There are 2 protein chains.
Amino acid sequence: MYSIQDVSGRTGLSTHTLRYYEKEGLLSPVSRTPGGFRQYTDEDLEALGLICCLKNTGMSLQEITRFVRLTRQGDETLRERVELLREHRESVIQRMNEMQKYLEKVTWKLNFFSEKLRAYEDLKARQEQ
Amino acid sequence: MYSIQDVSGRTGLSTHTLRYYEKEGLLSPVSRTPGGFRQYTDEDLEALGLICCLKNTGMSLQEITRFVRLTRQGDETLRERVELLREHRESVIQRMNEMQKYLEKVTWKLNFFSEKLRAYEDLKARQEQ
DNA sequence: TATTGACTTAGAGTAAACTTTAAGGTTTAC
DNA sequence: GTAAACCTTAAAGTTTACTCTAAGTCAATA
């Protein structure tokens with residue numbers, strides 16, 4: 001069992017964000033101590049891991065919420081969930097390919113400017129002589 | 001020479017966004033017809049290409065604006081621009097590596113659910129018999 | 001027992017990057 | 001020559017994902 005503070009440390013999400021996610025339905029209601037404090041289970045941490053994974057690959061909180069709701073509805077929704085993940089996976093791959101291309105352009109520009117800088121500094125050095 | 005509409009079509013940016021970028025200083029003031037209409041040059045298109053490249057690799061408009069301003073200041077700022085691009089390149093590579101790891105997790109989850117779906121449908125088929 | 005940190009709800013505030021609206025002027029195709 | 005299409009600026013509005021504040025109560029630790 002983990003306090004909200006523990007979970008914040010482990011996930012890198014602020015306590016505000018953790019409560020916000022729960023309120024928005026990204027995370028099932030977390031169990032409480034008799035006094036009403038949140039007690040996160042290993043399962044909750046696992047769920048948060050998947051949420052972060054989806055979020056960090058560009059899925060919107062809205063879509064993640066949809067996925068989580070489907071999960072809660074049980075095996076009836078397996079097909080839909082598989083479909084959702086498959087589409088997400090494709091879009092991530094596509095985005096990574098795009099990124100790769102953009103990265104090549106950045107690298108090209110960087111080399112171009114590096115070369116220009118070298119020439120410029122050579123020139124300055126010669127002028128100072 | 002290209003109208004704002006042409007450029008919108010070529011870049012995928014809306015005419016609103018093109019004007020917004022110019023107003024915000026991401027793009028140097030575009031030349032005009034006698035009537036005041038924007039006339040984009042090939043150079044402008046080139047500049048927009050770099051802007052989109054940086055934006056699509058996660059650079060904020062603020063940072064892009066900084067980069068563009070440095071470019072306008074000439075060779076004095078070459079070192080700074082090289083530094084900026086180098087740092088950006090590193091951050092893109094790091095993000096891509098992270099994405100790769102997250103993608104593996106998504107793939108794993110997808111396979112897990114696919115298998116579960118297969119088992120579930122088998123079960124249903126057997127029940128229907 | 002005092003202090004620190006947790007809890008609640010509700011709602012306001014923030015930042016980025018657009019996106020739309022308002023009110024009007026310019027071009028061009030028929 | 002006129003209507004449709006396209007242009008202008010300035011400013012307000014939208015969306016996403018938080019982030020913070022308020023105001024009051026409860027729990028745990030030194």
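Every chain is numbered from 1, with letters handed out A, B, ... down the list of sequences. The figures here come from the full heavy-atom set of this structure, side chains too, leaving out hydrogens, waters and symmetry mates. Worth saying up front: this structure is predicted, and the values here are computed from it rather than measured.
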### Query
Distance check: side-chain N/O of B:Y20 vs OP1/OP2 of C:dT20, anything under 4.0 Å?
no
### Query
What nucleotide, of C:dC18, D:dA17, C:dT27, holds the atom closest to the side chain of B:F37?
C:dT27
### Message
Closest-nucleotide mapping onto DNA chain D: is A:T33 or A:Y21 further toward the 5' terminus? I mean the 5' end.
### Response
A:Y21
#### Entry: Nearest-Å distance for atom pair CD1/P, residues B:I4 and C:dT26
17 Å
### Task
Please report, rounded to the nearest Å, how far the P atom of C:dA17 is from the CG atom of B:L27.
16 Å
### Task
Quickly work out the A:K23 NZ to D:dA17 P distance and round it to whole Å.
15 Å
### Message
Looking at C:dG5, I'd like to know if its phosphate oxygens (OP1 or OP2) sit under 4.0 Å from a side-chain N or O belonging to A:Q5.
### Response
no
### Task
Nearest whole angstrom, please: distance from the C1' of C:dG5 to the CZ of A:R38.
14 Å
### Query
Does a nitrogen or oxygen in the side chain of A:R19 sit under 4.0 Å from OP1 or OP2 of C:dC7?
yes
### Message
Distance check needed: D:dC7 P versus B:Y40 OH, whole Å only.
### Response
9 Å
### Query
A:L13 or A:G36: which one's nearest nucleotide on DNA chain D is closer to the 5' end?
A:L13
### Task
Calculate the interatomic distance between B:E24 atom CD and C:dA15 atom P; express it in whole Å.
15 Å
#### Entry: Minimum side-chain heavy-atom gap A:R72-A:V68 below 4.5 Å
yes
### Query
Out of D:dC20, D:dC7, C:dA16, which nucleotide sits closest to the side chain of A:H16?
D:dC20
### Query
Would you say B:R32 reaches C:dT26's phosphate, i.e. side-chain N/O to OP1/OP2 under 4.0 Å?
no
### Task
May I ask you to check whether over 12 heavy atoms, not counting those of B:R95, lie within 6.0 Å of atom CZ?
yes
### Query
Is there a side-chain contact between A:V92 and A:R89, using heavy atoms and a 4.5 Å cut-off?
no
### Message
Within the supplied structure, the quantity of interest is the number of heavy atoms (other residues, nucleotides, ligands) at a distance under 6.0 Å from A:Q62 CD; does it exceed 12?
### Response
no
### Task
Could you state the atom-to-atom distance from CE of A:M1 to C1' of C:dA6 in whole Å?
17 Å
### Query
Using a cut-off of 4.0 Å on non-hydrogen atoms, how would the nucleic acid contact of B:S60 be classed: base, sugar-phosphate, or nothing?
sugar-phosphate
### Message
I want to check one thing: is the phosphate of C:dA17, taken as OP1 and OP2, less than 4.0 Å away from some side-chain N or O of B:Q62?
### Response
no
### Query
If you check the A:L61 side chain, which of C:dC18, D:dT8, D:dC18 turns out closest?
D:dC18
### Query
Using a cut-off of 4.0 Å on non-hydrogen atoms, how would the nucleic acid contact of B:K55 be classed: base, sugar-phosphate, or nothing?
sugar-phosphate
### Message
Expressed as a whole number of angstroms, how long is the span from A:E22:CD to C:dC7:C1'?
### Response
12 Å
### Message
Please report the interatomic distance CD(B:E43) to CG(B:L27), rounded to the nearest 0.5 Å.
### Response
11.0 Å
